[in-house]
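Notes to accompany the following structure.
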Amino acid sequence: MTLPPTGESKFLPSRNELGLVAVGFSGGQTKAGVDAAPTALLEAGLIHQLQNDLNYNVTFDGQVHTYADLIPASDPPHRNMLRPKSVSAVTRAVSSQVYTHAAAGRLVLTLGGDHSIAIGTISGTARAVRERLGQEIAVVWVDAHADINTPETSESGNIHGMPVSFLTGMTRSEDEERFGWLGEEHLISARKLVYIALRDIDRGEKEILRREGIKAFSMHDIDRHGIGKIMDMALGWIGSDTPIHLSFDVDALDPMWAPSTGTPVRGGLTLREGDFIAECVAETGNLIALDLVEVNPSLEVTGAQETVRAGCSIIRCALGDTLL
Ligand SMILES: [Mn+2]
């Protein structure tokens, strides 16, 4: 039994209005199955938990979107990116879906899908908050990977490893069909971005993180200071006057807890550390949007349900569930 979210939010007109977007898209990487995650999360009873246990009023169109009509017949690699037109078109649609909820003052929950969809979710929130509140958003990116490759630094060409470089304006495009739709109103400041749980960073990404002075807490930092101190530092960096978009990649968790994901990396967060990060963000009262991505129920047999359960747990904690 849980108590409903209470108190005022500085950035939302009501603490109980939630917009849900289900994105069944896997084109930002090459493994099939991550598009089935929203259905698996919903079948695990997520909406019931949000409505009945956490007292949210959920606005949901009832669909897991596949955006089939947006996928072009021909989508050759461009600037080393795989399927650039597909990912561009889908993230543009997601951006507009998230924008609509955020502009109406709802807290937005997006179920992925691979992490390329964050190009859509974060750009949608950033634009809505600029218009509604005249403010920039902060982003807490919880992930084993930094996902900040440019098309030129990426070794794989998979766009799920690039969303942050687009969102910070580090990667720009003039081509309307290949992310040229991203305007200044969609972008975030690298100064208001904080990473947690990093442990598998490409060489080019390390250079970018250093050059841009981006705040990043790796697993090494978590081992050294403990997750409590890390969250104090991460949220202290953002400050209490900024709306927060939490983008949570389930591969931040150790494969022991979340094995069914496309790019698992050992040495990650425990389930409790993952929940704790989400609880701390919830406690700020400043959360305005949450992504849960990279659950791939097809990669494991017994591990799939465990990964889905871990995903639901992270979502509940971020949306105000507490142990007591
Ligand atoms: Mn990721």
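Position 1 is the first residue of the sequence, and the numbers go up from there. First listed ligand is number 1; within each ligand, the first listed atom is number 1.
With respect to the Mn ion (ligand 1), Asp147 has OD2 as its nearest N, O or S atom. Taking the N/O/S atoms of His115 in turn, the shortest distance to the Mn ion (ligand 1) belongs to ND1. Looking at Asp143 and the Mn ion (ligand 1) together, the shortest N, O or S contact belongs to OD2. Among the heteroatoms counted here (N, O or S) of Asp249, OD2 is the one nearest to the Mn ion (ligand 1).
You'll find the ring centres of Trp141 and His245 outside the 6.0 Å limit.
In summary, the side chains of Lys31 and Ser26 do not present any donor paired with an acceptor at a separation below 3.5 Å, with no hydrogens or angles considered.
With His225 contributing its side chain and Ile222 its backbone, the two residues share no donor-acceptor pair below 3.5 Å. Listed for the Lys10 side chain is no donor-acceptor partner under 3.5 Å among the backbone atoms of Thr242.
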